[in-house]
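Both ligands and their constituent atoms are indexed starting at 1 by order of listing. We're numbering straight along the sequence, starting at 1.
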Amino acid sequence: MLREHRYQCPCCDYFVLEARGFHQVCPVCCWEDDGIDVDTLDAVSKSNHITLRQARANFAEFGASDQAALSLAATAEQIAGLRREYRARG
Ligand SMILES: [Zn+2]
């Protein structure tokens, strides 16, 4: 199981980030946290090369922020028990 942290990933909504905006790669969905949050869903992320809206849709569909990151994304067992608060904005 992954460790829980204080900050919520803007893509998968799990609380797994140690800080915000420091380019930590989310261990659940592999979104690189460049500081974009759910209030800027349609800006193309320089780090991730897609919009957060697209990444969130990808995570909902197949469990990773991007198809290329799918093999690195967490498994269902790894995220079991982690806190998540789904944010449906935009
Ligand atoms: Zn994530």
Side-chain angles (χ1 to χ4, degrees):
M1 194 194 291
L2 290 164
R3 227 176 118 212
E4 195 168 287
H5 288 286
R6 188 171 156 201
Y7 296 97
Q8 194 173 16
C9 173
C11 177
C12 67
D13 294 330
Y14 280 94
F15 286 81
V16 288
L17 300 180
E18 295 167 52
R20 282 301 325 275
F22 282 86
H23 296 273
Q24 184 186 351
V25 174
C26 174
V28 173
C29 70
C30 299
W31 174 261
E32 184 178 327
D33 175 32
D34 60 357
I36 284 180
D37 212 332
V38 289
D39 57 353
T40 39
L41 283 170
D42 293 312
V44 175
S45 160
K46 287 194 176 73
S47 302
N48 298 278
H49 311 293
I50 53 174
T51 65
L52 184 54
R53 186 187 300 282
Q54 183 61 56
R56 289 175 64 87
N58 289 347
F59 183 73
E61 192 184 330
F62 51 77
S65 61
D66 192 280
Q67 193 82 50
L70 193 51
S71 65
L72 303 168
T75 63
E77 288 91 44
Q78 288 174 313
I79 59 177
L82 277 180
R83 184 156 67 108
R84 182 188 192 208
E85 285 169 21
Y86 180 68
R87 299 177 291 178
R89 278 187 228 166

Metal proximity, C30 vs the Zn ion (ligand 1), N/O/S cut-off 2.8 Å: no
C29 near the Zn ion (ligand 1): N/O/S under 2.8 Å: yes
Apex the Zn ion (ligand 1); atoms C9 SG and C26 SG; angle rounded to 10 degrees: 110°
Salt bridge R83-E85, side-chain N to carboxylate O under 4.0 Å: yes
Heavy-atom distance under 4.5 Å between the side chains of [X] and [Y], does that happen here?
X	Y	value
D34	H23	yes
D13	R56	yes
C9	D33	no

